[in-house]
Trainee: 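Just dropping this structure here.
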Amino acid sequence: MPHKRLVAFSLGRDRLLIITAAQPRHENAISEREAIGYDGRSLASPNAANGDRDGSPQLEKRLQHPGFFQRGGPFRLQVIADTVGAELMHDYDGSREIDDLRPLDRAGETHLTFCASRKYAGQLAATKAAACLIKLKDADLVPERAAAVTTDVPHRAFALAVGMLYPDALQSSAAASAADAEGHLIHPTAEIGEGVTLGPGVIVGREARIGSGTKVAAGAMIGYRVFIGPDSYIGPGVSVTHALLGARVSLHAGARVGQDGFGYAMSAEGHLKVPQVGRVVIGDDVEIGANSTVDRGFLTDTVIGDGTKIDNLVQIAHNVVIGRHCIIVSQSGIAGSAELGDFVVMGAHSGIIEHVKVGNGALIAGMAHVKNDVEAGARMGGTPARPFKEWAREVAAIRRMAKNGRPGSD
């Protein structure tokens with residue numbers, strides 16, 4: 001039985017063209033009465049990546065998403081080692097095939113990983129990876145079940161390996177086909193739910209899906225295989241790529257979601273761009289303000305939990321995990337791989353450095369900069385951030401010193 005595909009195009013002020021076209025019903029059709037989700041059998045290709053990422057909110061669990069990047073390979077381990085300038089230790093079988101790359105704690109028996117520092121020795125000991133790129137002096141840390149692939153620059157070598165396995169990651173797939181004779185920029189494979197409104201100049205990429213009742217304002221771009229849940233709002237000039245969005249998500253004008261993260265393997269030879277092959281996963285009822293940016297992950301996902309509200313001009317870096325119902329105020333920044341618990345509040349101009357963990361209910365005062373882990377419920381202020389009362393006493397003491405200084409003193 002056919003279902004209706006409803007697409008609305010704005011033709012100018014107070015004019016809206018509604019196009020209703022019957023098309024064959026299939027497993028992935030979006031309707032108001034059906035659960036919204038991908039069926040991996042119909043959309044995934046044998047090389048589709050990212051379908052098994054962990055650490056994402058409930059939205060990810062409801063979807064069987066085929067991924068945003070096509071993997072190359074698999075490649076023999078010896079071929080990878082030769083390409084990235086590394087050496088296999090202990091005559092390990094170089095014919096073993098590697099079909100993907102993962103962090104230490106998520107790697108499996110057909111994956112390559114890397115370890116750049118002995119501080120990750122615990123994760124390395126427990127890894128299930130087939131092989132690990134590592135410095136020669138640290139090779140003894142690699143468990144017997146894995147191959148030690150030695151190099152002076154494991155991070156740089158791993159970046160080169162990512163480029164082998166994901167050759168299109170630095171210049172990801174185009175959002176849509178060329179405009180047709182009528183100027184429509186909606187790819188024929190895109191699925192548009194009932195009652196969706198698309199403003200003038202909206203681009204919807206190949207295999208993208210937009211849930212029922214969602215409004216997409218003028219000039220927005222919805223990229224390849226992006227998923228947007230029902231009753232969402234995508235503001236004017238917004239771009240969304242490499243992302244899965246839940247229900248009732250609001251992205252205000254100029255927001256950028258899913259661009260590649262700022263990652264480089266730095267060395268005396270120059271800075272090598274690290275391909276970013278993760279995603280952005282956004283839960284239900286999230287709001288992201290104008291001109292804010294959310295980078296996609298490196299290997300794992302950037303995650304924003306249900307109900308979180310983000311102000312204008314906020315930067316969320318790659319692999320950041322933000323919990324539920326957080327408040328992040330204007331001009332704040334969160335560096336790569338930082339983690340925020342639930343109900344965290346960040347005041348304006350505040351910042352969190354990479355890999356820091358902030359506990360549930362913590363309050364970061366405006367202009368505070370967090371460089372160490374923060375306990376749940378803590379109140380932090382100052383630069384570097386410290387407990388709020390301690391910081392307030394320091395500020396008060398400095399004021400007293402200035403007030404009580406000798407007349408005419410500098």
Trainee: For the pair Val281 and Phe227, evaluate side-chain contact (heavy atoms from CB on, under 4.5 Å) and give the outcome as yes or no after the intermediate values.
Mentor: CA-CA 10 Å; Val281 181; Phe227 177 93; over 6 Å; no
Trainee: Does a donor on one side chain and an acceptor on the other come within less than 3.5 Å for Asn319 and Thr300?
Mentor: yes
Trainee: Could you tell me whether Glu97 and Arg76 have a side-chain N and a carboxylate O separated by less than 4.0 Å?
Mentor: no
Trainee: Which atoms form the tightest heavy-atom contact between Pro103 and Thr113, and what is the distance?
Mentor: C-OG1, 3.4 Å
Trainee: Please list all pairs passing the ring pair (Phe, Tyr, Trp, His ring centres under 6.0 Å) test where one or both residues lie in residues 344-379, with sequence neighbours left out.
Mentor: none
Trainee: Tell me, please, which residues at least two apart from Arg393 pass side-chain hydrogen bond (donor to acceptor under 3.5 Å, both in side chains).
Mentor: none
Trainee: Determine which pairs satisfy salt bridge (Lys or Arg N to Asp or Glu O under 4.0 Å) with at least one residue from residues 336-356, sequence neighbours left out, and list them in order.
Mentor: Arg324-Asp342
Trainee: Compare every heavy atom of Ile328 with every heavy atom of Ser332, then report the nearest pair and how far apart it is.
Mentor: CB-CG2, 4.0 Å
Trainee: Can you run down the side chain to side chain donor-acceptor pair (under 3.5 Å) pairs that involve residues 150-162, sequence neighbours left out, and say none if there aren't any?
Mentor: Arg156-Ser267
Trainee: Rounded to the nearest 0.5 Å, what separates atom NE2 in His252 from atom CD1 in Ile310?
Mentor: 11.0 Å
Trainee: Residues in side chain to side chain contact (heavy atoms under 4.5 Å, CB included) with Ala378, at least two apart?
Mentor: Val374, Met380
Trainee: Asp295: which residues meet the side-chain hydrogen bond (donor to acceptor under 3.5 Å, both in side chains) condition with it, sequence neighbours left out?
Mentor: Gln259, Gln315
Trainee: For His242 and Tyr224, I'd like to know if the aromatic rings sit close, meaning centre-to-centre distance below 6.0 Å.
Mentor: no
Trainee: For the pair Lys309 and Asp285, find out whether any cationic side-chain nitrogen is under 4.0 Å from an anionic carboxylate oxygen.
Mentor: no
Trainee: Could you note down all residue pairs passing ring pair (Phe, Tyr, Trp, His ring centres under 6.0 Å) where residues 253-296 supplies at least one of them, sequence neighbours left out?
Mentor: Phe262-Tyr264
Trainee: Considering only distance and modelled atom types, tabulate donor-acceptor pairs under 3.5 Å from the side chains of residues 135-142, sequence neighbours left out.
Mentor:
residue: Asp138; atom: OD1; partner: Arg118; partner atom: NH1; Å: 2.8

Trainee: Tell me the closest heavy-atom pair linking Ser232 and Thr214, and the distance in Å.
Mentor: N-OG1, 3.1 Å
Trainee: Run the ring pair (Phe, Tyr, Trp, His ring centres under 6.0 Å) test against His325 and tell me which residues pass, sequence neighbours left out.
Mentor: Phe343
Trainee: Can you name the side-chain hydrogen bond (donor to acceptor under 3.5 Å, both in side chains) partners of Asp311, sequence neighbours left out?
Mentor: none
Trainee: Under 3.5 Å, side chain of Arg296 to main-chain N/O of Gly258, donor-acceptor pair present?
Mentor: yes
Trainee: To the nearest 0.5 Å, how far apart are CG in Leu101 and CG in Leu133?
Mentor: 8.5 Å
Trainee: Compare every heavy atom of Cys326 with every heavy atom of Thr308, then report the nearest pair and how far apart it is.
Mentor: OG1-N, 3.1 Å
Trainee: Output all residues satisfying side chain to side chain contact (heavy atoms under 4.5 Å, CB included) with Ala338, sequence neighbours left out; order by chain, then residue number.
Mentor: Ile334, Ile352
Trainee: Tell me whether Glu109 is salt-bridged to Lys128, with the criterion being a basic N under 4.0 Å from an acidic carboxylate O.
Mentor: no
Trainee: So do the side chains of Ile80 and Met164 get within less than 4.5 Å of each other, counting heavy atoms only?
Mentor: yes
Trainee: Atom NE2 of His318 and atom CG of Asp260: how far apart are they, to the nearest 0.5 Å?
Mentor: 10.0 Å
Trainee: By side-chain hydrogen bond (donor to acceptor under 3.5 Å, both in side chains), which residues pair with Arg256, not counting sequence neighbours?
Mentor: Ser239
Trainee: Does the side-chain contact (heavy atoms from CB on, under 4.5 Å) test come out yes or no for Ile203 and Ile222, once each step is laid out?
Mentor: CA-CA 6 Å; Ile203 296 172; Ile222 310 302; over 6 Å; no
Trainee: Return yes if a side-chain donor-acceptor contact under 3.5 Å exists between Asp105 and Tyr120, otherwise no.
Mentor: no
Trainee: Any donor and acceptor pair, going by atom type alone, linking the side chain of Arg71 with main-chain N or O of Asp99 inside 3.5 Å?
Mentor: yes
